[in-house]
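A short write-up of the structure that comes next.
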Amino acid sequence: MSGGINSVFFLVIAGVLLGGLGCSCELADGRGNIKKVEEPRSPHLIFIMVDDQGYGDIGYHGSDIKTPVLDQLATEGVKLENYYVQPICSPSRSQLMTGRYQIHTGLQHSVIRPRQPLCLPPDIPTLPECLVEAGYATHMVGKWHLGFSRPGCLPTGRGFQSFLGTLTGSGDHFSYQSCDGAEACGFDLHDGNRPAWEMRGNYSTLLYVERVKQILRSHNPDTPLFLYLSLQAAHTPLQVPDSFLHYYDSQSNRHRRHYAAMLSCLDEGVAQVVRELKTNGLYQNSVLVYSSDNGGQPVSGGSNWPLRGGKGTYWEGGIRAVGFVHSPLLKRKGVVSRALIHVSDWYPTLLGLTRSPQSCRGLDGHDVWGSISEGVPSPRTEILFNIDPVSRKPGEPYYKALEVNGFGIWDTAIRAALRVGDWKLLTGNVGDGDWIPPQALPDGPERLQKLEKRLSRLGKSVWLFNISSDPYERSDLAEARPEVVKHLLTRLAEYNQTSVAARNPPDDPMADPELHGGVWSPWLGLKGQGGGDEKDDGKKDRILKIKHCKLCKLKALFKKVGSRLQRNTIF
């Protein structure tokens with residue numbers, strides 16, 4: 001008798017252990033009978049992030065740009081109409097990968113520049129690292145822009161089992177030449193950890209889509225897949241195969257024409273990805289998320305109309321993004337979700353779909369799958385967009401910014417943005433806040449451009465809006481509702497108490513591609529440098545750095561003459 005009890009006990013324990021791994025297993029019922037329990041399979045996760053697509057640059061928002069595939073996918077899924085990202089590239093990507101606000105990763109200031117010895121903190125687990133632990137195959141195709149100074153900073157060092165794409169923020173879509181300022185240029189297309197010279201000449205969007213199709217064709221449907229497709233389109237330079245330009249022959253604005261054609265090419269690429277999912281038996285158990293990384297750049301053809309501002313600003317046009325979820329697994333489809341969702345929410349949301357328990361402690365993101373799939377209230381009630389202490393200029397009057405505008409609670413000369421419920425607060429220099437309709441893009445009338453400058457008062461450093469009733473931010477209520485301002489300033493101060501020091505190291509001359517075979521690649525912690533810490537680089541490397549610094553300054557004098565390759569000033 002005791003032997004039988006022990007056997008049943010063993011089967012129960014074994015079943016629990018195997019069940020925890022997401023396996024199909026056999027369990028004993030209370031009478032000792034064995035029955036088979038089939039665990040639901042973890043879904044395939046396809047995350048498509050596009051670059052600089054404006055809120056107004058998709059068909060279902062009334063755009064003149066043709067995006068029929070995206071429109072259909074969104075219409076058959078869930079459109080996210082209260083969805084936020086960050087105003088520039090690296091911050092959005094860092095919060096997708098870590099589920100944490102910038103103030104908790106040290107990446108509060110600007111983007112990660114190619115020559116900065118800076119990347120995602122190595123002690124913070126990334127989304128693909130957690131998914132690998134959950135049994136997923138992980139692949140990345142496209143733009144990284146999260147630092148590459150050390151080998152461990154590369155996508156293949158942060159959880160992706162394969163990678164084809166670029167490491168810097170932008171580059172030529174055909175030649176993959178990428179420049180940081182005028183004095184540092186190099187090749188930036190990598191297959192794994194090696195430069196993919198042989199792939200030059202292929203247009204980035206089409207090249208990336210082909211790699212995605214190869215991954216899907218060779219993938220075993222029984223293994224859960226995480227595929228991160230991070231397209232550089234429609235980021236500058238505005239380049240696209242001529243065949244797509246013909247869609248917009250009637251468009252007289254050159255910037256808008258090329259930008260629109262890039263998005264139409266992207267739209268066709270997404271169609272090929274979805275077809276491949278279906279052909280290879282992956283579609284029925286898949287979740288596809290589509291998201292822009294920030295608002296559109298009007299001077300480069302993008303449009304966020306009717307929202308205020310654009311890329312690089314904390315106005316709605318810079319941070320409210322195009323986003324939708326398409327999946328056969330959704331419990332409700334063909335709906336619009338107005339649940340408050342932030343890019344940091346994808347980390348716990350996607351992990352929550354894996355059928356494998358994961359620790360989500362220390363995250364700023366929330367699991368919002370119930371809000372998306374079932375329409376339950378969002379667990380998110382507020383978003384800290386950022387607190388950037390590096391933004392404060394020493395010459396700005398501290399007394400007025402803190403004591404007068406900030407009620408003694410918060411130094412309003414610091415760039416910061418926060419949304420709590422219906423309310424949104426902005427402080428400091430949050431960027432140009434023009435309203436720019438598509439017809440007022442470059443080469444067009446400028447009726448509404450510079451309106452923000454005519455409305456704004458000199459020395460103003462606090463703005464308050466009720467975003468639910470005033471999504472276009474036309475009615476500043478900072479003076480009318482001081483009690484709300486004080487409450488939100490207090491929340492900023494409370495968030496600031498949890499922040500880590502901002503990491504913004506100066507550019508390192510040793511990162512120049514000319515020192516690395518003409519390629520943007522890791523330059524620290526390599527073999528022969530004495531380990532992985534800058535302190536161990538050795539005297540010889542320091543001498544070389546000093547000499548090269550003088551050389552690169554001399555080169556810059558010549559290269560800047562007549563050069564159009566100027567680094568964009570972002571914050």
Drop me the distance from [X]'s [atom1] to [Y]'s [atom2], to the nearest 0.5 angstrom.
X: Ile319; Y: Ile383; atom1: CD1; atom2: CD1; value: 7.5 Å
X: Leu288; Y: Leu227; atom1: CG; atom2: CG; value: 9.0 Å
X: Asp222; Y: Asn285; atom1: CG; atom2: CG; value: 10.0 Å
X: Leu238; Y: His258; atom1: CG; atom2: NE2; value: 7.5 Å
X: Ile387; Y: Ser499; atom1: CD1; atom2: OG; value: 6.5 Å
X: Leu164; Y: Gln214; atom1: CG; atom2: CD; value: 8.5 Å

For the backbone of [Y] and the side chain of [X], can you confirm whether one donor and one acceptor N or O come within less than 3.5 Å of each other?
X: Ser373; Y: Gly370; result: no
X: Ser149; Y: Pro522; result: no
X: Trp369; Y: Ile372; result: no
X: Arg503; Y: Cys119; result: yes
X: Ser92; Y: Asp293; result: yes
X: Asn304; Y: Tyr55; result: yes
X: Thr138; Y: Gln161; result: yes
X: Asp512; Y: Glu514; result: yes
X: Ser371; Y: Val376; result: yes
X: Asn280; Y: Leu277; result: no

Given Asp364, which partner from the list Arg100, Arg380, His104 fulfils the side chain to side chain donor-acceptor pair (under 3.5 Å) test?
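Among Arg100, Arg380, His104, the one meeting side chain to side chain donor-acceptor pair (under 3.5 Å) with Asp364 is His104.
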Among Leu231, Thr205, Val209, which residue meets the side chain to side chain contact (heavy atoms under 4.5 Å, CB included) test with Cys265?
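Of Leu231, Thr205, Val209, side chain to side chain contact (heavy atoms under 4.5 Å, CB included) with Cys265 is met by Thr205 alone.
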Just do the side chain to side chain donor-acceptor pair (under 3.5 Å) check on Tyr176 and His190 with the steps written out, would you?
CA-CA 10 Å; Tyr176 302 96; His190 302 260; over 6 Å; no
State whether a side-chain donor-acceptor pair under 3.5 Å links [X] with [Y].
X: Tyr259; Y: Asp57; result: yes
X: Ser286; Y: His44; result: no
X: Arg419; Y: Asn82; result: yes
X: Asp345; Y: His366; result: no
X: Asn294; Y: Gln53; result: no
X: Thr98; Y: Arg93; result: no
X: His342; Y: Ser344; result: yes
X: Tyr314; Y: Gln86; result: no
X: Gln232; Y: His173; result: yes

Derivation and outcome, side-chain contact (heavy atoms from CB on, under 4.5 Å), residues Tyr136 and Ser42:
CA-CA 9 Å; Tyr136 273 71; Ser42 294; 3.3 Å; yes
Check whether any side-chain heavy atom of [X] lies under 4.5 Å from a side-chain heavy atom of [Y], and answer yes or no.
X: Val141; Y: Phe163; value: no
X: His326; Y: Tyr283; value: yes
X: Met97; Y: Arg158; value: no

Checking Lys331 now: which residues fulfil salt bridge (charged side-chain N to carboxylate O under 4.0 Å, His left out) with it, not counting sequence neighbours?
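So Lys331 forms a salt bridge (charged side-chain N to carboxylate O under 4.0 Å, His left out) with Glu374.
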For the pair [X] and [Y], find out whether any cationic side-chain nitrogen is under 4.0 Å from an anionic carboxylate oxygen.
X: Asp508; Y: Arg115; value: no
X: Lys66; Y: Asp267; value: no
X: Arg217; Y: Glu276; value: yes

[Y] ring center within less than 6.0 Å of [X] ring center:
X: Tyr290; Y: Phe324; answer: yes
X: His139; Y: Phe160; answer: no
X: Phe187; Y: Trp520; answer: no

List the atom of [X], the atom of [Y], and the distance in Å for their closest heavy-atom pair.
X: Ala184; Y: Pro513; value: CB-CD, 4.4 Å
X: Val85; Y: Ser291; value: CG1-OG, 3.9 Å
X: Ile112; Y: Leu118; value: CG2-O, 3.5 Å
X: Pro114; Y: Ala511; value: O-CB, 4.4 Å
X: Pro87; Y: Lys311; value: O-CG, 3.6 Å
X: Leu107; Y: Ser94; value: CD1-CB, 3.8 Å

Between Phe174 and Tyr203, what is the ring plane arrangement, given parallel below 30°, perpendicular above 60°, and tilted in between?
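Geometry flag for Tyr203 against Phe174: tilted rings.
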Could you check whether the rings of Tyr228 and Phe226 sit parallel, tilted or perpendicular, using 30° and 60° as the cut-offs?
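If you compare the ring of Tyr228 with that of Phe226, the planes turn out parallel.
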Check the pair Asp172 / Ser178 against side chain to side chain donor-acceptor pair (under 3.5 Å), numbers first and verdict last.
CA-CA 6 Å; Asp172 190 285; Ser178 175; over 6 Å; no
Show, in sequence, the C-alpha distance, side-chain angles and deciding distance for Phe385 and Gln102, and conclude whether the side-chain contact (heavy atoms from CB on, under 4.5 Å) test is met.
CA-CA 8 Å; Phe385 293 112; Gln102 294 162 260; over 6 Å; no
Run the side chain to side chain donor-acceptor pair (under 3.5 Å) test on Glu81 and His61 for me, step by step, so that the C-alpha distance in whole Å, both residues' side-chain angles and the decisive distance to 0.1 Å come before the verdict.
CA-CA 10 Å; Glu81 291 301 320; His61 282 169; 3.0 Å; yes
Step by step, would you call Tyr84 with Arg320 a side chain to side chain donor-acceptor pair (under 3.5 Å)?
CA-CA 5 Å; Tyr84 288 90; Arg320 187 178 288 207; 2.9 Å; yes
In chain order, what residues pass the ring-ring contact (aromatic ring centres under 6.0 Å, His included) check against Tyr208, with sequence neighbours excluded?
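Tyr208: no ring-ring contact (aromatic ring centres under 6.0 Å, His included) contacts found.
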Stepwise, does the side-chain contact (heavy atoms from CB on, under 4.5 Å) test hold for Leu282 with Ile46?
CA-CA 10 Å; Leu282 303 170; Ile46 315 299; over 6 Å; no
Apply side-chain contact (heavy atoms from CB on, under 4.5 Å) to residues Ile103 and Asn386 and explain how you reach the verdict.
CA-CA 7 Å; Ile103 65 166; Asn386 198 20; 4.1 Å; yes
